[in-house]
Q: 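I'd like to ask you about the structure that follows.
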Number of protein chains: 2
Amino acid sequence: MPDTITERCEAMGLRMTDQRRTIAAVLQETHDHPDVDELYARASARDPRISIATVYRTVKLFEEAGILEKHEFGDGRARYEDAERDHHDHLIDMHSGEVIEFCDPDIEKLQEKIAAKLGYRLKGHRLELYGVPIKKD
Amino acid sequence: MPDTITERCEAMGLRMTDQRRTIAAVLQETHDHPDVDELYARASARDPRISIATVYRTVKLFEEAGILEKHEFGDGRARYEDAERDHHDHLIDMHSGEVIEFCDPDIEKLQEKIAAKLGYRLKGHRLELYGVPIKKD
DNA sequence: TTAATTGCAAAGTTTTTGCGCACAC
DNA sequence: GTGTGCGCAAAAACTTTGCAATTAA
């Protein structure tokens, strides 16, 4: 599997325009979960020719190609992240909206176990835990 | 804790209009995760005087009162369910959008464990597992 | 009585799309 | 060269809100 987003786009046979390269580069350097407005702002800073319509079209294209993951964390906007980042799950603070990443080997096993219990194999699982995290004393 | 949604509304001191009673009754009998359009359709069938603006205002009110849970399962529409149903989690089929409910005692324990590992106590947790479930042979 | 709630229509947000021009292949 | 992608602006989809009339308590 190629490493960068741009390389994966090329491997998928996507036509690479300047706009797509810029958006791919922005996503590559991103380690949070930007929404379209945020991606548009970051991409525009590098190349003012980019329109927000192209950002919408591009993230949809990349998501359908399996290059990006789309999330809806509860604020009404879609958020995106690189689908090939090291696997992790999300804890979403329902009060503040903050997203905390975590990875736990036990929960990885459980995801498979739960699917098996329900009679399924699970393709491409990911997990979101919603709650109000309160700092322990 | 009172049992029905209407009773919980009254216990919270919410002013109970005919519209709110109708929407509460619809939610009470609902065992899926309807969006606002669907709730509006079901409520309108009982009382055509209800407007969609009232449905939006009412689900928001009920959610803020802790009577309903709001979900965004990835299709861009908010969905609602009774917050006092027996605790369960959701497996969302990323391919079809279908929502499968499940409950697993091990994962209940893990939700607390993960929060503790991250240094938190968790208030009101719930969990969503996204993947493409494939029926086992 | 009176403050809260409603319906309606307008407006706000987020996302998609039609079209003529431009570009990647 | 040709089919795909782009910017722009309009539209669609979802949600919120201002206002005058109505209603619960």
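A note on names: the letters A, B, ... follow the listed sequences, proteins ahead of strands, and every chain is numbered from 1. Everything quoted here is computed from the prediction, not taken from an experiment.
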Q: Would A:Lys117 and B:Asp106 pass as an ion pair if we require N to O under 4.0 Å?
A: no
Q: Atom pairs under 3.5 Å, N or O on each side, protein against nucleotides 1-3 of chain D: can you list them with distances?
A:
residue: D:dG3; atom: N2; partner: A:Arg15; partner atom: NH1; Å: 2.8
residue: D:dG3; atom: N2; partner: A:Arg15; partner atom: NH2; Å: 3.2

Q: Classify the ring geometry between B:His88 and B:His90 as parallel (under 30°), tilted (30 to 60°) or perpendicular (over 60°).
A: perpendicular
Q: How close or far is atom P of D:dC14 from atom CG of B:Asp37, stated in whole angstroms?
A: 6 Å
Q: Backbone N or O of B:Ile5 within a donor-acceptor pair of the B:Gln28 side chain at under 3.5 Å?
A: yes
Q: Taking atom C1' of D:dT16 as reference, at what distance in whole Å does atom NZ of B:Lys70 sit?
A: 11 Å
Q: Any donor and acceptor pair, going by atom type alone, linking the side chain of A:Glu84 with main-chain N or O of A:Asp3 inside 3.5 Å?
A: no
Q: Return the value, rounded to whole Å, for the distance between atom CG of A:Asp35 and atom P of D:dC14.
A: 19 Å
Q: Return yes if a side-chain donor-acceptor contact under 3.5 Å exists between A:His31 and A:Glu101, otherwise no.
A: no
Q: Tell me whether A:Arg21 is salt-bridged to A:Glu10, with the criterion being a basic N under 4.0 Å from an acidic carboxylate O.
A: yes
Q: Could you check whether A:Arg42 and A:Thr30, counting side-chain N and O atoms only, form a donor-acceptor pair closer than 3.5 Å?
A: yes
Q: Show your working on side chain to side chain contact (heavy atoms under 4.5 Å, CB included) between B:Asp89 and B:His87 and close with a plain yes or no.
A: CA-CA 7 Å; B:Asp89 297 310; B:His87 181 76; 3.5 Å; yes
Q: May I ask you to say whether A:Arg77 pairs ionically with B:Glu72, meaning some side-chain N is under 4.0 Å from a carboxylate O?
A: no
Q: Show the numbers, then the answer: is there a side chain to side chain contact (heavy atoms under 4.5 Å, CB included) between A:Thr22 and A:Arg49?
A: CA-CA 11 Å; A:Thr22 301; A:Arg49 294 175 313 160; over 6 Å; no
Q: Is there a residue in residues 39-69 of chain B whose heavy atoms reach under 4.0 Å of DNA chain C, and which residues are they?
A: B:Arg49, B:Ile50, B:Ser51, B:Ala53, B:Thr54, B:Arg57
Q: Which of residues 16-32 of chain B have a heavy atom under 4.0 Å from DNA chain C?
A: B:Thr17, B:Gln19, B:Arg20
Q: What's the CZ-C1' distance between B:Arg77 and C:dT14, to the nearest Å?
A: 14 Å
